[in-house]
Amino acid sequence: AVLPAPDLTALGGRLRTALTQGAPGAMARIDDRRPDDHTTVHQAMAGVADRGTKEAMNTTGRFRIGSVTKTFSAVVLLQLAAEGRVRLDNPVDHYLPGLLPDGRITVRHLLNHSSGLYDYTHDMFARTVPGFEAVRTRVFTYRQLLDLSLRHPLTQVPGAGHTYSNTNFVVVGLLIEHLTGRPVRAEYEDRIIRPLKLNDTFYVHPDTRIPGRHVRGYLTPDEAGASLVDATEQTASWAQSAGALISSARDLNTFLSALLGGRLLPAAQLTQMRQWIPAGTGQAYGLGLRRRDLSCGVSVYGHTGAVQGYYTYAFTSADGRRSLTALANASNNGEVHRTMLRTLEPAFCGKQAK
Ligand SMILES: C[C@@H](NC(=O)[C@@H](C)NC(=O)CCCC[C@H](NC(=O)C[NH3+])C(=O)[O-])C(=O)O
């Protein structure tokens with residue numbers, strides 16, 4: 001179905017609102033492949049990419065994409081499933097005996113966040129800035145992150161519904177490395193980054209630097225009125241296969257368009273990825289993929305990301321012809337998060353009745 005033209009005025013308004021709510025900068029890029037197969041690129045930006053130099057926000061800089069990484073990890077595991085090297089409904093125990101405390105947890109439970117594994121980031125970041133400072137240069141093994149989770153009992157019976165947990169995609173990373181004998185970086189590069197020519201997309205863990213031209217990210221402390229913390233440099237080792245990729249608006253739009261356009265996974269696996277379980281009002285979760293149902297009746301597919309200093313929103317239409325990536329270089333700021341989610345409507349529903 002042909003979508004209405006994006007409402008760029010409303011989109012720009014949302015970005016400016018995010019600035020009034022505390023984001024140093026915000027931007028959005030829409031790639032729109034029309035029926036005649038010409039692609040139009042729309043861009044909007046506001047504020048600064050760097051509070052020190054006052055460099056203007058831009059849509060070409062690289063940034064930390066947080067949990068949008070989970071969609072990349074899910075694609076790798078689903079490609080392995082297509083190659084017959086893993087079965088989604090096998091228990092994780094079948095591949096990694098004794099790793100998890102409950103033999104009922106399957107590979108699918110990891111990918112749709114229904115395993116019940118406790119999310120260790122709840123403890124790690126209970127106090128936002130001290131928690132970040134304690135881990136920003138640390139390097140964790142997957143096993144250490146899993147051990148932090150296993151200090152807590154399962155939060156639910158495996159398969160009993162969607163309960164989001166970063167731990168699930170740490171185990172996915174462990175599983176990918178076990179099945180392939182290679183680091184997840186090599187699998188991202190060989191299966192996604194190189195084939196799609198994602199030249200702004202990197203997995204540099206545990207290096208703390210963002211390669212090349214990038215947007216600086218600013219963490220909002222819990223204490224009202226406290227100064228923003230420049231969180232640009234970190235190992236992101238607390239996240240790894242759950243959130244440590246670096247990318248750009250162009251590359252994420254290319255990635256999601258290719259994914260929903262059927263150019264990354266065989267049809268059978270894309271169908272599995274779109275097996276939805278409810279995940280809140282107008283939301284559902286598939287396998288490493290979020291679905292959001294917009295007010296105009298359009299559903300969009302992708303993922304959000306929240307890593308210190310960066311909020312990412314990356315979604316595409318059902319056929320992958322229109323993709324939006326929006327970024328605010330702020331985090332731990334609920335108002336900015338809610339405002340940036342409201343870039344989806346102008347991007348995919350166009351002009352709304354006032
Ligand atoms: C939401 C998003 N999830 C992610 O991107 C994952 C990688 N991030 C988190 O789980 C939040 C970590 C804390 C961020 C910190 N917050 C705090 O420290 C709060 N005390 C911050 O906002 O920077 C998703 O899946 O959609």
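When a ligand or atom number is given, it counts from 1 through the structure's own listing order. Heavy atoms only: backbone and side chains are in, while hydrogens, waters and symmetry mates are out.
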Any N or O of S331 that comes nearer than 3.5 Å to an N or O of ligand 1?
yes
Which ligand 1 atoms does G305 reach within 4.0 Å, using its non-hydrogen atoms?
5 (O)
If the contact criterion is a heavy-atom separation under 4.0 Å, does F132 count as touching ligand 1?
no
Distance from atom 3 (N) of ligand 1 to nearest protein heavy atom, with residue and atom:
S67 OG, 2.8 Å
Taking the six-membered ring of F315 (Phe, Tyr or Trp), confirm whether the NZ or CZ of R290 is under 6.0 Å from its centre and within 45° of its axis.
no
What protein heavy atom is closest to atom 26 (O) of ligand 1, reported as residue, atom name and distance in Å?
T304 OG1, 2.3 Å
Please work out whether any backbone atom (N, CA, C, O) or any side-chain heavy atom from C-beta onward of L219 is under 4.0 Å from ligand 1, and answer side chain, backbone, both or neither.
side chain
Is there a polar contact between ligand 1 and Y164, counting only N or O atoms under 3.5 Å apart?
yes
So, regarding A306 and ligand 1 (criterion: nitrogen or oxygen to nitrogen or oxygen, under 3.5 Å), is there a contact or not?
yes
Exactly one of R216, R136, R51 clears salt bridge (Lys or Arg N to Asp or Glu O under 4.0 Å) with D230, and that residue is R216
When only distance counts, is N332 in polar contact with ligand 1, meaning an N/O pair under 3.5 Å?
yes
Looking only at heavy atoms, is any part of T69 under 4.0 Å from ligand 1, and if so is it the side chain, the backbone, or both, or is it neither?
neither
Out of W238, F169, Y310, Y313, whose heavy atom sits nearest atom 12 (C) of ligand 1?
W238
Measuring from E345:CD to D7:CG, what's the distance to the nearest 0.5 Å?
11.0 Å
Would you call M124 a ligand 1 contact, heavy-atom distance under 4.0 Å?
no
Write out the residue and atom name of the closest protein heavy atom to atom 13 (C) of ligand 1, then the distance separating them to 0.1 Å.
F125 CD1, 3.7 Å
Restricting to non-hydrogen atoms, name the atom on N166 and the atom on Y164 that form the minimum distance, rounded to 0.1 Å.
OD1-OH, 3.8 Å
Determine, using heavy atoms of A239 and all atoms of ligand 1, whether some pair is separated by less than 4.0 Å.
no
Of all the atoms in ligand 1, which lie at a distance below 4.0 Å from a heavy atom belonging to Q308?
23 (O)
Got an N/O contact under 3.5 Å between D119 and ligand 1?
no
How far does CZ of R85 sit from CD1 of I176, to the nearest 0.5 angstrom?
11.0 Å
Any N or O on T128 sitting closer than 3.5 Å to an N or O of ligand 1?
yes
Nearest-option assignment for atom 10 (O) of ligand 1, heavy atoms, candidates N166, V68, T121, V336:
N166
Which ligand 1 atoms does R290 reach within 4.0 Å, using its non-hydrogen atoms?
24 (C), 25 (O), 26 (O)
Does R127 come within less than 4.0 angstrom of ligand 1, counting non-hydrogen atoms of the residue?
no
Are F125 and W238 close enough that their ring centres sit under 6.0 Å apart?
yes
State whether the side chain of T235 and the backbone N or O of D207 hold a donor-acceptor pair below 3.5 Å, judged by distance alone.
no
Donor-acceptor pair between N168 and S115 side chains, under 3.5 angstrom:
yes
Is the ring pair H113/F169 parallel, tilted or perpendicular, if the boundaries are 30 and 60 degrees?
tilted
Hey, does L150 have a side-chain heavy atom less than 4.5 Å from the side chain of P101?
yes
Please check: side-chain N/O of T316 versus main-chain N/O of Y301, any donor-acceptor pairing under 3.5 Å?
no
Once the angle between the rings of Y203 and H205 is folded into 0 to 90°, is it parallel (under 30°), tilted (30 to 60°) or perpendicular (over 60°)?
tilted
